[in-house]
Protein chains: 2
Amino acid sequence: MSNGCKPIPSRVLDPQLVEARRLQIVQAAVVLFVEKGFHKTTTREIAKASGLGIGTLYEYIQSKEDVLYLVCAYIHGEVEHRLAEVRDASRSGREWLATSIRRFFHCVDELQDYVLLIYQETKSLPKERMHPVLEREEALVHLFEEILERGRADGSIPIDAASVKLIAHNIVVLGQMWTFRRWALHRHYTLEEYTERQISLLLQEIRARELEGTQGSQGSQGEGKS
Amino acid sequence: MSNGCKPIPSRVLDPQLVEARRLQIVQAAVVLFVEKGFHKTTTREIAKASGLGIGTLYEYIQSKEDVLYLVCAYIHGEVEHRLAEVRDASRSGREWLATSIRRFFHCVDELQDYVLLIYQETKSLPKERMHPVLEREEALVHLFEEILERGRADGSIPIDAASVKLIAHNIVVLGQMWTFRRWALHRHYTLEEYTERQISLLLQEIRARELEGTQGSQGSQGEGKS
DNA sequence: TTCGACCGACTGAGCGTTCGTTCGGTCACT
DNA sequence: AGTGACCGAACGAACGCTCAGTCGGTCGAA
């Protein structure tokens, strides 16, 4: 559940020590990265903030970018951990969805600096390290796909199969939007307002399909050109 | 319609020449930034690609970050220019909205590298230069607010006032999502599929409210906990 | 004595930015 | 038309500095 893909080599032998030191490193680095960004943070700053010498730092990583990768993995771990708690919580898919969205948005809000960091710095990873990070991002989308799928199965979320993936992406992105548009959104909404409004929009949208079903028409197709 | 806030000083006197040379610079830089990112692009590369000497480059800017700012302004200009064409096109707010979304998504697709660039590099701007860029981003949101507002006025888009801003943000972000999630989305949808599906979701959502009105119930409020 | 975790002075590539210089063009005066 | 003073756009070598990464050494535990 926690590791991604290729392990980062370390010159230190004891695996427990490696894990412990890397946690030090990551927790120090995350603060610095949030504060100044990846590029403007120096390895020396990371070393000092971790309580290690610069040489020691390089016993546990091979490059500065490795630190970024570790940080990304750590953050994804945090998100996944918090989200796992409600994985099988409620009864209908519809309720599960609403609960999960609330949890997810809440989590995004708590970890907003971290989420923003991933958003802004993922591109600085070397290609090979980027893939596992994106995969983990997609796993998050999959979680919501699963929920939507269950709602589809039990009839509580009447949508067509081809929209599932899209809606799942929408949910994730609209959650993350709370962080990368906070300069605008926080001026107008509290987290609760934001969450409930987004859920309400989404569920109304889903309800619409239900009603349309009873009406028997598809609507919104002959809307314009193309 | 085109300029932002504080002008960037140049040591060159002739304003026409300044504009022309800066266009050279921007168009060269934009390619490099898309290719390698802002940080990994050197001023020398920018100079060479613009057909200028390093020294000349600095006749027209004061720092490397100025180039980034010019690039951002240029891109926003492109987007705004393309969007302006349909500003007063159709009759009902609802139709205007659909048309504008199509145009916007199409535009985002055409300029996807540029849009992505702004998304990823805005944070590298110095604070003072960042503000005008964000303001221009908000202007885009305002465009959609305006459209939604008109739809509200003519009754074709029955939503409550407090949702207008949120929906406008949603539209803009879901458009931009096409660029920053292309690694996932392009695998599953063409631009047309993506656009029509998103519009359809949005309009159904709006239609839902309409129907709810005739039903007289609010729904989706007692969905879960607090 | 051996081993491995830790250290930090050192290196050198690479960066943004500067500044002394060049040189084609313009214009006032003859 | 001819001349020379002046202008300013263009140039690029060089400067000063930063910073990722290295390497030889120290030290404590086994």
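Keep in mind that the numbers below use all heavy atoms, side chains included, and drop hydrogens, waters and symmetry copies. To find a chain, count down the sequence lines: A is the first, B the second, and so on, and within it residues start at 1.
Rounded to an integer number of Å, the gap from B:I61 CD1 to D:dA9 P is 16 Å. Atoms CD (B:E45) and P (C:dC15) sit 7 Å apart, rounded to a whole Å. One atom, CZ of B:R44, and another, P of C:dA13, lie 15 Å apart when rounded to the nearest Å. In this structure, CD of A:E65 is placed 11 Å from P of D:dA20, rounded to the nearest angstrom. Rounded to whole angstrom, the span from the CD1 atom of B:I46 across to the P atom of D:dG12 amounts to 17 Å.
Ring-centre distance between A:Y119 and B:Y119: not below the 6.0 Å cut-off.
The closest side-chain donor-acceptor pair between A:Y114 and A:E78, if any, does not fall under 3.5 angstrom.
Looking at heavy-atom distances under 4.0 Å, A:T41 makes contact with sugar-phosphate atoms alone, never a base.
Of the listed nucleotides (C:dC6, D:dA20, C:dG16), D:dA20 has the atom at the smallest distance from the side chain of A:K64.
A cation-pi arrangement, defined by a distance under 6.0 Å to the six-membered ring centre and an angle within 45 degrees of its axis, is present between B:K64 and B:F38. Seen from the ring of A:Y189, B:K165 does not count as a face-on cation partner, given the 6.0 Å and 45° thresholds.
Judged by distance alone, with hydrogens and angles left aside, the side-chain atoms of A:H142 form a donor-acceptor pair with the main-chain N or O of A:E138 at under 3.5 Å. Between the side chain of A:Q112 and the main chain of A:T179, no donor-acceptor pair closer than 3.5 Å is present.
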Q: Please step through side-chain contact (heavy atoms from CB on, under 4.5 Å) for the pair B:L201 and A:N170, ending with a clear verdict.
A: CA-CA 11 Å; B:L201 285 175; A:N170 284 4; 4.0 Å; yes
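The side chain of B:T43 contributes an N or O atom lying less than 4.0 Å from OP1 or OP2 of C:dG16. Contact check, A:T56 against C:dC7: a side-chain N or O comes under 4.0 Å of OP1 or OP2.
Contact check on B:E149 versus B:R152 returns a salt bridge, with a Lys/Arg side-chain nitrogen under 4.0 Å from an Asp/Glu carboxylate oxygen.
Heavy-atom distances under 4.0 Å link DNA chain C to no residue of residues 12-40 of chain B.
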Please tabulate, for side-chain N and O atoms in residues 7-14 of chain A, each donor-acceptor pair with protein atoms closer than 3.5 Å (sequence neighbours left out).
unit_1, atom_1, unit_2, atom_2, d
A:S10, OG, A:V12, N, 3.1
A:S10, OG, A:E59, O, 2.9
A:D14, OD1, A:Q16, N, 3.1

Q: Go along nucleotides 22-30 of chain D 5' to 3' and tag each nucleotide: B for a protein heavy atom under 4.0 Å from its base, S when only backbone or sugar atoms are that close, - otherwise.
A: B--------
